[in-house]
Amino acid sequence: MRWQGQNIETLGDLSDAIVEVVANKDEVAAGSLLELYQQNSSYAKTNIGYLSAIYDRKFGKKVRKLFAVEHPILGKKVFIIDRGLAD
């Protein structure tokens with residue numbers, strides 16, 4: 001799929017786009033990326049929620065909030081290696 005001049009073909013490409021959107025705190029871009037991705041995949045929200053766990057805790061929380069998603073297994077909580085589940 002093509003979004004704002006970027007080819008998004010892999011989860012890595014999607015992650016790059018998510019990082020850009022969150023870094024710019026761009027709610028409009030988040031909405032347009034999510035909408036386009038949902039047109040191309042029934043797992044759009046699940047995949048973005050899953051990706052939110054690969055970032056550090058603070059950034060992942062921003063991803064979940066901006067895209068209004070949850071991690072498909074952990075929900076709104078994330079796993080912190082030394083603390084277990086945390087908000």
Side-chain angles (χ1 to χ4, degrees):
M1 76 183 171
R2 194 147 176 81
W3 176 77
Q4 293 190 353
Q6 300 176 39
N7 284 327
I8 300 177
E9 298 175 5
T10 67
L11 287 176
D13 297 335
L14 179 61
S15 178
D16 291 344
I18 289 169
V19 168
E20 179 182 326
V21 168
V22 174
N24 292 321
K25 300 176 186 170
D26 191 339
E27 292 180 12
V28 173
S32 72
L33 177 57
L34 181 58
E35 182 179 335
L36 178 65
Y37 191 29
Q38 285 178 313
Q39 292 171 7
N40 289 274
S41 173
S42 60
Y43 298 103
K45 285 189 132 185
T46 300
N47 287 345
I48 293 173
Y50 175 78
L51 284 174
S52 74
I54 69 169
Y55 309 113
D56 67 46
R57 179 180 174 198
K58 186 175 179 180
F59 195 85
K61 192 172 186 176
K62 290 177 183 178
V63 170
R64 290 187 297 279
K65 182 177 180 182
L66 193 59
F67 286 90
V69 298
E70 293 184 1
H71 189 278
I73 297 168
L74 304 174
K76 293 180 181 178
K77 302 211 179 263
V78 294
F79 190 78
I80 307 296
I81 291 174
D82 62 342
R83 290 190 262 162
L85 290 175
D87 288 325

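A quick note: this is a predicted structure, and the numbers were derived from the prediction, not measured.
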> Between Leu33 and Ile48, does a side-chain contact (heavy atoms from CB on, under 4.5 Å) hold up when you go through it step by step?
Replying inline: CA-CA 11 Å; Leu33 177 57; Ile48 293 173; 5.5 Å; no
> Atom OG of Ser52 and atom NZ of Lys62: how far apart are they, to the nearest 0.5 Å?
Replying inline: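 It comes to 14.0 Å.
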>> Check for me, please, whether Leu11 and Val69 land in the same ILVMFWY cluster - side-chain distances under 4.5 Å, paths through other members count.
In response: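 Yes, it is one cluster - the side chains of Leu11 and Val69 are joined through contacts under 4.5 Å.
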>> Please tell me whether Phe67 and Phe59 are part of a single hydrophobic cluster in this structure, the criterion being side-chain heavy atoms less than 4.5 Å apart.
In response: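 Same cluster: Phe67 reaches Phe59 through Ile, Leu, Val, Met, Phe, Trp or Tyr contacts under 4.5 Å.
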> Which pairs count as side-chain hydrogen bond (donor to acceptor under 3.5 Å, both in side chains) when at least one residue sits in residues 22-32, sequence neighbours excluded?
Replying inline: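 Counting only pairs at least two positions apart or across chains, the side-chain hydrogen bond (donor to acceptor under 3.5 Å, both in side chains) contacts touching residues 22-32 are Trp3-Ser32.
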>> Test side-chain contact (heavy atoms from CB on, under 4.5 Å) on Tyr55 and Ser15; report intermediate values, then the result.
In response: CA-CA 10 Å; Tyr55 309 113; Ser15 178; 2.7 Å; yes
> For the side chain to side chain contact (heavy atoms under 4.5 Å, CB included) test, which of Arg64, Lys65, Arg57 pairs with Lys61?
Replying inline: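 With Lys61 as partner, side chain to side chain contact (heavy atoms under 4.5 Å, CB included) holds for just one option, Arg64.
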> At their closest point, which heavy atom of Gly49 faces which heavy atom of Pro72, and how far apart are they?
Replying inline: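 Nearest heavy atoms, Gly49 then Pro72: C-CD, 3.8 Å.
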> Which heavy atom of Val22 sits nearest a heavy atom of Val63, and at what distance?
Replying inline: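 Looks like CG2-CG2, 3.8 Å.
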Could you list the residues that satisfy side-chain hydrogen bond (donor to acceptor under 3.5 Å, both in side chains) with [X], not counting sequence neighbours?
X: Glu20; result: Gln6
X: Tyr50; result: none
X: Asp13; result: Thr10
X: Asn7; result: Arg2

Using distance only, find each side-chain donor-acceptor pair of residues 35-43 under 3.5 Å and give its atom names and separation, not counting sequence neighbours.
from	atom 1	to	atom 2	distance (Å)
Tyr37	OH	Asn47	ND2	2.7
Asn40	ND2	Leu36	O	2.8
Ser41	OG	Tyr43	N	3.0

